Amino acid sequence: MPTRPRPYHHGDLRAALLTRAEETLRAQGTAALSLRGLARDLGVSHNAPSRHFKDKQALLDALALTGYERMTDAMRASQDDAGESYRGKLGAVVRAYVGFCLENAALLDLMYSIKHDPQASAALLEATGRWSELIERLMVEGQRRGEVREGPLDRVGVPVFATLHGYADLAATGMLTPEVAAQGLDEVIAFILRGCAPDARA
């Protein structure tokens, strides 16, 4: 006797799908994700997820988007108690970025890979730039205060982003021990500040 499909009765299915998808991503990777599998895990009919995501690509896109939004929110929140100095503000935002990377390594990998996908949504592409804009605005403020050397932002900022992303990637992928990662972050922040200083040579 054929089994009857599970009824659709979940309260906020979209949020539940994203939460469960991130749990699966963290534990088993992208290959283990499927809309049918998520429906089974959540106890809804296998067609229910299609009300929110037309396919797996749409689910991954939304998952990456929420990741960028959470990362940006964490970086913004870091400024609340950072004080008024450029050094304090930059240090706080760097720690927030690296902290997010360490806590969400699997999600971060998806975020950075999917933004290059031709099918990535316009909303996702827009979200990918918000976190870097926070740092760029800080650097402009630093230039105005005379704490960051003058020059086009792309020339001054590229070494900053390369250093920051490179360190976060090393830490998130386990190339650094937690002890080294914690101590090394202070050195990374000091390195960035020295590299941006007005007396630094390009």
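Position 1 is the first residue of the sequence, and the numbers go up from there. As the structure is a prediction and not an experimental result, all values here were calculated from the model.
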Is it the case that atom CZ in F191 sees more than 12 heavy atoms from other parts of the structure closer than 6.0 Å? no
In terms of heavy-atom contacts, does CZ of R87 have more than 12 from other residues, nucleotides or ligands at under 6.0 Å? no
Please say yes or no: joined through hydrophobic side-chain contacts below 4.5 Å, possibly via intermediate residues, are M75 and L153 part of one cluster? yes
Could you grab the distance from atom CD of E147 to atom SG of C196, nearest 0.5 Å is fine? 11.0 Å
Where L18 and A62 come nearest, the two heavy atoms and their spacing: CD2-CB, 4.0 Å
Enumerate the ring pair (Phe, Tyr, Trp, His ring centres under 6.0 Å) contacts for residues 86-111, please, sequence neighbours excluded, ordered by first and then second residue. Y97-W131
Return each pair, listed once, that meets ring pair (Phe, Tyr, Trp, His ring centres under 6.0 Å) where at least one residue sits in residues 25-44; pairs must be two or more places apart or across chains. none
Nearest heavy-atom contact between S78 and A82 is O-CB, 3.6 Å
With the side chain counted from C-beta on, respond yes when R137 and K89 share a heavy-atom pair under 4.5 Å apart, and no when they do not. no
Grouping I, L, V, M, F, W and Y whenever their side-chain heavy atoms are under 4.5 Å apart, do F161 and L185 come out in a common cluster? yes
Do the side chains of R40 and H46 get nearer than 4.5 Å, heavy atoms only? no
All side-chain hydrogen bond (donor to acceptor under 3.5 Å, both in side chains) counterparts of Q183, not counting sequence neighbours: none
Calculate, to the nearest 0.5 Å, the distance between atoms OG and CZ belonging to S45 and R36 respectively. 10.0 Å
Kindly check if the number of other-residue, nucleotide or ligand heavy atoms within 6.0 Å of CG (D81) is above 12? no
Measure the spacing between CZ of R14 and OG1 of T19 and express it to the nearest 0.5 Å. 10.5 Å
Output for pair (R144 CZ, M139 CE), nearest 0.5 Å, gives 13.5 Å
d(E133 CD, R130 CZ) to nearest 0.5 Å is 8.0 Å
With a cut-off of 3.5 Å and sequence neighbours excluded, list every side-chain donor-acceptor pair involving residues 24-34.
unit_1 : atom_1 : unit_2 : atom_2 : d
T24    : OG1    : R20    : O      : 3.0
R26    : NH1    : E103   : O      : 2.9
S34    : OG     : G37    : N      : 2.9

Going through the distances and angles, do L63 and I114 end up as a side chain to side chain contact (heavy atoms under 4.5 Å, CB included)? CA-CA 10 Å; L63 195 57; I114 204 170; over 6 Å; no
Does any non-hydrogen side-chain atom of V148 lie less than 4.5 Å from one of E141? no
So which atom in G67 and which in L107 form the shortest heavy-atom distance, rounded to 0.1 Å? CA-CD2, 3.8 Å
Got a sec, which pairs hit side-chain hydrogen bond (donor to acceptor under 3.5 Å, both in side chains) with one end in residues 61-77, sequence neighbours left out? E22-R70, D61-S121, R70-N104
Roughly how far, to the nearest 0.5 Å, is the OH atom of Y112 from the SG atom of C101? 5.5 Å
Could you tell me whether the side chain of L138 reaches within less than 4.5 Å of the side chain of Q79, counting heavy atoms only? yes
Run L108 and M111 through side chain to side chain contact (heavy atoms under 4.5 Å, CB included) and show every step you take. CA-CA 5 Å; L108 188 76; M111 289 161 54; 4.2 Å; yes
Specify the closest pair of heavy atoms between P49 and L13, including all atoms of both residues, with the distance to one decimal. N-CD2, 4.2 Å
Chi angles and distances behind the side chain to side chain contact (heavy atoms under 4.5 Å, CB included) call for R155, R149: CA-CA 11 Å; R155 291 188 62 188; R149 70 174 185 272; 6.0 Å; no
Would you sort out whether I135 and L164 count as a side chain to side chain contact (heavy atoms under 4.5 Å, CB included), showing the intermediate values? CA-CA 11 Å; I135 298 179; L164 179 56; 3.6 Å; yes
How would you list, by chain and number, every residue that makes a side chain to side chain contact (heavy atoms under 4.5 Å, CB included) with T177, sequence neighbours excluded? E179, V180
